[in-house]
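A quick write-up on the structure given underneath.
Convention: sequence-line order gives letters A, B, ...; per-chain numbering from 1.
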Protein chains: 2
Amino acid sequence: MTETAPSYKDPLFEPLTRQSASHRISTVIEQKILRRSLRPGDALPTETELAEQFAVNRSTVREALRRLESAGLVGREGGAKRLKVMRPGHAETASRVGRTLALDDVTFIELWEAMRAVAPRVAALAAERGSAADLAALEAIVSAVETARAAEGAVTHVVEFFGKLAELSGNRVLQLAMQPVMRLLAPSLRRMIDRVPQGRTRILVAQRCIVEAIREHKPDEAESWMTRHVQDFRRGYELAGIALDTRVGIGTMAD
Amino acid sequence: MTETAPSYKDPLFEPLTRQSASHRISTVIEQKILRRSLRPGDALPTETELAEQFAVNRSTVREALRRLESAGLVGREGGAKRLKVMRPGHAETASRVGRTLALDDVTFIELWEAMRAVAPRVAALAAERGSAADLAALEAIVSAVETARAAEGAVTHVVEFFGKLAELSGNRVLQLAMQPVMRLLAPSLRRMIDRVPQGRTRILVAQRCIVEAIREHKPDEAESWMTRHVQDFRRGYELAGIALDTRVGIGTMAD
DNA sequence: AGGACTATATTGTCCGACAATCGGACTATC
DNA sequence: GATAGTCCGATTGTCGGACAATATAGTCCT
């Protein structure tokens with residue numbers, strides 16, 4: 001007899017039946033990582049050792065490891081063999097968020113609204129904090145946008161621009177928020193640039209103004225320029241005849 | 001000789017050569033899900049069938065499944081045996097984002113800046129779109145904040161308030177962005193309310209104004225009230241003597 | 001038809017095995 | 001001495017088979 005009968009209407013205590021061994025193992029390791037007992041960079045014991053310590057079969061350990069791997073808590077560097085504890089990279093988390101949103105049939109307008117909220121503040125923060133070196137990197141990206149031949153490449157650099165900006169803002173939360181949004185936005189952005197001839201020029205002008213505001217440490221200007229920039233995007237989409245409630249597709253989740 | 005020599009500073013062309021069979025399998029299934037060939041609710045073939053179809057061992061399939069499971073793309077309902085395709089819930093994704101941020105030692109100020117960016121826009125959108133029924137729910141939460149005895153409960157309802165607001169905004173991207181931020185903010189918010197006597201009153205006043213603005217469909221007012229509200233939070237923290245660069249801890253990641 | 005009972009299918013785990021290959025140690029060569 | 005080549009053990013990825021537990025489906029009884 002296991003403890004059945006949580007017959008109370010407590011919907012949060014139901015499904016705590018027996019969890020599989022592999023699940024418990026991944027939980028234990030996960031806790032160790034979250035509690036900092038295992039820290040990023042540390043190498044995990046070998047599968048055989050883990051199997052011995054947990055007194056289970058190696059296959060069971062392996063399933064637990066796959067789960068942690070997918071969660072981004074452990075992983076390999078390069079072609080290494082041993083697994084290491086990793087800090088779940090923003091890239092990975094971002095791609096997960098992107099996946100969730102894509103499966104939710106999020107529409108373009110929702111993404112745009114998110115950009116509308118976040119990007120201006122990011123620009124303002126970047127203007128407050130950006131250093132000279134950062135600025136140089138940003139400018140490099142702007143020229144890359146300018147010289148890029150195909151729309152394809154230009155879009156890549158536009159995404160980079162926002163990414164770099166988020167980095168400059170020094171705010172990892174906003175950084176993490178913006179990443180998946182830009183990723184999902186990218187494909188339709190590409191279409192937009194393809195169809196609207198003056199699109200690239202307008203983007204370039206806006207980027208230059210923003211960079212200028214950042215250089216002179218004028219947060220307000222950076223913010224208002226970015227606001228206009230984002231609004232320009234929307235106009236571009238309308239000009240390109242892209243419906244605002246278009247569902248975003250699944251980008252290449254290459255991780 | 002494989003292509004070694006990534007001696008160039010091109011960190012994007014890593015030798016992502018051969019991936020393990022289990023990895024490829026999980027990727028293939030993931031694609032099928034993202035492409036909607038497999039849709040949420042569908043049951044996956046049994047492990048044995050998958051093993052046959054992919055012409056690999058069942059253990060290999062299992063590792064792939066554990067990975068997908070951890071990604072929230074497949075899972076079980078209740079004590080079921082078969083795996084089903086699932087839509088990765090926002091809650092789960094949000095808690096994962098929270099974990100990433102917590103492990104990153106994100107500071108309070110970063111979270112606050114995110115709120116500063118997102119919340120006002122969310123309020124504005126809610127004012128544009130909120131229906132009567134939604135409004136009633138929102139008001140219920142506000143009174144819950146008012147009548148809650150302990151700071152504990154009040155904070156819970158404050159978090160709910162923002163959650164509901166995000167829901168009203170009709171924007172799932174912003175909703176997903178705000179959720180983990182509020183979750184991470186909650187513990188310190190609780191301390192703040194404990195230490196600053198007038199904290200709760202100010203929160204209540206702001207909430208009422210925001211609700212009012214939403215009822216009358218005045219986005220601009222809702223936005224500016226929310227801006228003030230968020231700024232009030234920060235002042236509260238300063239009054240409470242909480243350093244702005246305090247790292248947020250790992251909350252209860254109960255999933 | 002509904003409920004109890006049985007059989008089957010499916011999962012979770014275990015065992016033992018093997019090829020591939022990564023990490024080093026060790027050696028030969030310049 | 002530094003570099004290149006070779007060898008060996010350790011470790012991973014995969015395999016095939018096995019078994020207990022149990023969810024699911026089918027069967028029987030009333």
From the candidates C:dT13, D:dC15, C:dG12, the one with an atom nearest any side-chain atom of B:Val56 is D:dC15
- Query: If you measure only the distance, is there a donor-acceptor pair under 3.5 Å linking the side chains of B:Thr107 and B:Glu110?
  - Reply: yes
Whole-Å distance, A:Leu65 CG to D:dG13 C1', equals 13 Å
Closest of C:dG12, C:dT21, C:dT11 to the A:Ser20 side chain is C:dG12
Is a salt bridge present between B:Asp104 and A:Arg87, judged by a nitrogen-to-oxygen distance below 4.0 Å? yes
side-chain contact (heavy atoms from CB on, under 4.5 Å) filter on A:Val56, not counting sequence neighbours, yields A:Ile25, A:Phe54, A:Thr60, A:Val61
| message | OP1 or OP2 of C:dT11 versus the side-chain N and O atoms of B:Arg62: is any pair under 4.0 Å? | response | no
Considering only heavy side-chain atoms of A:Ala80, the closest of C:dG23, D:dT14, D:dG16 is C:dG23
With the side chain defined as heavy atoms from C-beta on, A:Glu63 is closest, among C:dT13, C:dT11, C:dG12, to C:dT13
Rounded to whole Å, the NE2-C1' distance (B:His23 to D:dT12) equals 15 Å
Rounding to 0.5 Å, atoms CD (B:Glu160) and CD (B:Glu167) come to a distance of 11.0 Å
Atom CD of A:Glu47 and atom C1' of C:dC18 are separated, to the nearest Å, by 15 Å
- Message: Please tell me if A:Ser22 has a side-chain N or O lying less than 4.0 Å from either OP1 or OP2 of C:dT13.
- Response: yes
Between CD of A:Gln19 and C1' of C:dT13 the distance, given in whole Å, is 16 Å
Between the base of C:dG12 and the side chain of B:Arg58, is one N or O donor paired with an acceptor at under 3.5 angstrom? yes
Of the candidates D:dT14, C:dT10, C:dG12, the side chain of B:Ala21 sits closest to D:dT14
Inset, instruction - State whether A:Arg66 places a side-chain N or O below 4.0 Å from either non-bridging phosphate oxygen (OP1 or OP2) of D:dT14. - result: no
- request: Classify the side chain of A:Lys81 versus the base of D:dT12 as yes if they form a donor-acceptor pair under 3.5 Å and no if they do not.
  value: no
Per nearest nucleotide of DNA chain C, the residue lying toward the 5' end, A:Asn57 or B:Arg82, is B:Arg82
Whole-Å distance, B:Glu77 CD to D:dA23 C1', equals 15 Å
query = Should we say atom CZ of B:Arg39 is surrounded by more than 12 heavy atoms from elsewhere, each under 6.0 Å from it?
reply = no
Check: Within the structure, does a side-chain N or O atom of A:Thr60 lie under 4.0 Å from either OP1 or OP2 of C:dC14?
Finding: yes
When rounded to whole Å, the CD to C1' distance for the pair B:Glu49 and C:dA9 reads 10 Å
Atom CZ of A:Arg24 and atom C1' of C:dG12 are separated, to the nearest Å, by 11 Å
In whole angstroms, the gap separating C1' of C:dA9 from CG of B:Leu83 amounts to 15 Å
